[in-house]
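So you know, we letter chains A, B, ... as the sequences are listed, proteins then strands, and number each from 1.
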Amino acid sequence: MSKIQAIRGMNDLLPDQSPVWQYFERQVRALMGRYGYLEIRTPILEQTALFKRSIGEVTDIVEKEMYTFEDRNGDSLTLRPEGTAAVVRAAMENGLLHNQTQRLWYTGPMFRHERPQKGRYRQFHQVGVETFGMDGPDIDVETILLSARLWQQLGLMEHVTLELNSLGSNEARAAYREKLVAYFEQYADTLDEDAKRRLHSNPLRILDSKNPDMADVIAAAPQLLDHLDNESREHFDKLKALLDAAGIDYVVNPRLVRGLDYYNRTVFEWTTTALGSQGTVCAGGRYDGLVEQLGGKPTTAVGFAMGVERLVLLLETLELVPADVNHTLDAYIMAFGDAAEREALLLGEQLRSALPQLRLQVHCGGGSFKSQVKKADKSGATLALILGEDELTRGSVGLKYLRETRDQEELDRSALIEHLTSHLSRIA
RNA sequence: GUGGGUGUAGCUCAGUGGUAGAGCCCCGGAUUGUGGCUCCGGUGGUCGUGGGUUCGAUCCCCAUCAUCCACCCCA
């Protein structure tokens, strides 16, 4: 019989990894609270049409990366490949966008059928922020400041770079697009296969090409930033001025284009050179047309998403994970013999009731005294509580200090809680 | 989707055309109820899977799956 294994590109988060993730998630949660952003949770499955309409029919994500299938009713469903579309759908559907502004955040798994590699998986996790109803550059800057504060908290600030661009209005971009296509058509013979394919589907992406043979043609191509409409130009200038005032360094990258169709005006990416080819760690921008495109009233919006796997990987690569994220134990109860094992379980419950902050594990499964001491040591506990036949008859508990040179003690059970309380405050 | 690398013990990896080893981990002992260090012993493998070549394949060939890296794309 063949082994059943996990789906390709979908990973188990194992116990030795979960403390880092929890550390990251704690930081994110606290951060969102400090900026007054509220969490929203949406289903992992949506109607396929939602993503086709929002992300764009001719994007790679929709064309070849979605997990789409029919349910038992014959409806076409899709595992969400990103978070924004679902948040917009949920916000519209529940009236969150009616004459009000929103600052929302979310986290959860996303699904894209790509070839897995470092920092890229078929099930991956994002933390994202979406804001609605605010059209000035101030909210663009706020989301950037929020992400920057996260990097600061995590110690990543000096390892990431903010890249910035403006896509202008849809009209200005359409005009520019025509100009660009016309330009590239002049050099059709120098375009590679990818570029030819994109020439009419997504010509802006050609600017992103790493093909050195096209470098000259691309460098001389008309620039999007030279074709912005006046309002977008002004928006972008104010945005940069605000970032300057806030002391946030950035690089204007005129070739920065998002892979999703719904963006306009501001787009940005936080990138790192420490992760190989998956250098984008957080990306987003403004998407003023999306709500309307999905059937809502015109509502401006700006948001971003970050890749949790990539950030965790970055923290580990740069050795920025605090040593104390591994949640260990304060105490470990050893028990020797049937009667003591029974007592140990009960004592454990008693102590947890009396001392909610106590992290305590009761040994289960028997074993020699020696092996239990070994387990106590490995558990990371600072204190071993010993319940053997001797202690049982005397109504006492043995105390063995595992992390300090201090003689073993025997304590009356009635004095245990008080002793543990002082032990905890001493260790902390 | 394309290209390349790698699949041998729970983990990290040696190895040979005659069906396998180390270190770590785990278990036991030296130390009748006392961990970390040391020493001794032990458990554990359909050598990814399927086919082919061969007297014989873990090793050679093909396929397949998985994994890693890069392209592409993206968070």
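Distance check: A:C282 SG to A:R310 CZ gives 11.0 Å after rounding to the nearest 0.5 Å. Rounding to the nearest 0.5 Å places CE of A:M10 at 6.0 Å from CZ of A:F111.
Stem regions annotated for RNA chain B: B:1-7 with B:65-71, B:10-13 with B:21-24, B:26-30 with B:38-42, B:48-52 with B:60-64, counting only runs of 3 or more consecutive pairs of Watson-Crick or G-U type with both contacts under 3.5 Å.
Taking atom CD on A:E65 and atom P on B:A75, their separation rounds to 10 Å, with Å as the unit. Spacing between atom CZ of A:F336 and atom P of B:U34 amounts to 9 Å, rounded to whole angstrom units. Between A:K118 atom NZ and B:C69 atom C1' the separation is 9 Å, expressed in whole Å. Protein atom CZ of A:R112 is 17 Å distant from nucleotide atom C1' of B:G1, rounded to whole Å.
Residue-level contact check: A:G119 touches the bases, meaning some heavy atom is under 4.0 Å from a base atom. At a threshold of 4.0 angstrom between heavy atoms, the contacts of A:E391 include nucleobase atoms, whether or not backbone atoms are also involved. A:A305 comes within 4.0 angstrom of the backbone, heavy atoms only, and of no base. The residue A:I386 sits close to a base: some heavy atom pair falls under 4.0 Å.
For the residue pair A:Q293/A:S54, the side-chain donor-acceptor check at 3.5 Å is not satisfied. A side-chain N or O of A:S277 and one of A:Q117 form a donor-acceptor pair less than 3.5 Å apart.
The base of B:C74 sits with one of its N or O atoms less than 3.5 Å from a complementary donor or acceptor on the side chain of A:R310. With hydrogens and angles ignored, no donor-acceptor pair under 3.5 angstrom links the side chain of A:R205 to the base of B:C72. Judged by distance alone, with hydrogens and angles left aside, A:Q408 brings a side-chain donor or acceptor within reach of the base of B:U34, the pair sitting under 3.5 Å. Under 3.5 Å, the side chain of A:Q5 and the base of B:G48 form no donor-acceptor pair of N or O atoms.
Residues of residues 313-323 of chain A that place a heavy atom closer than 4.0 Å to RNA chain B do not occur. Of the residues in residues 6-14 of chain A, those lying under 4.0 Å from RNA chain B by heavy-atom distance are A:R8, A:G9.
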Could you run down the sub-3.5 Å N/O contacts of the protein with nucleotides 3-12 of chain B?
| unit_1 | atom_1 | unit_2 | atom_2 | d |
| --- | --- | --- | --- | --- |
| B:G3 | O6 | A:R115 | NH2 | 3.4 |

Give me the distances for all protein-to-nucleotides 23-26 of chain B N/O pairs that come in under 3.5 Å?
| unit_1 | atom_1 | unit_2 | atom_2 | d |
| --- | --- | --- | --- | --- |
| B:C25 | O3' | A:K378 | NZ | 3.4 |
| B:C26 | OP1 | A:K378 | NZ | 2.3 |
| B:C26 | OP2 | A:K378 | NZ | 3.4 |

> Just by protein heavy atoms under 4.0 Å, how would nucleotides 36-41 of chain B read 5' to 3' in B, S and -?
Replying inline: B-----
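Annotation: side chain of A:T131 is in contact with side chain of A:Y37 (closest heavy-atom distance under 4.5 Å).
The aromatic rings of A:W270 and A:W151 lie perpendicular to each other, with more than 60° between the two planes, well past the 30° mark.
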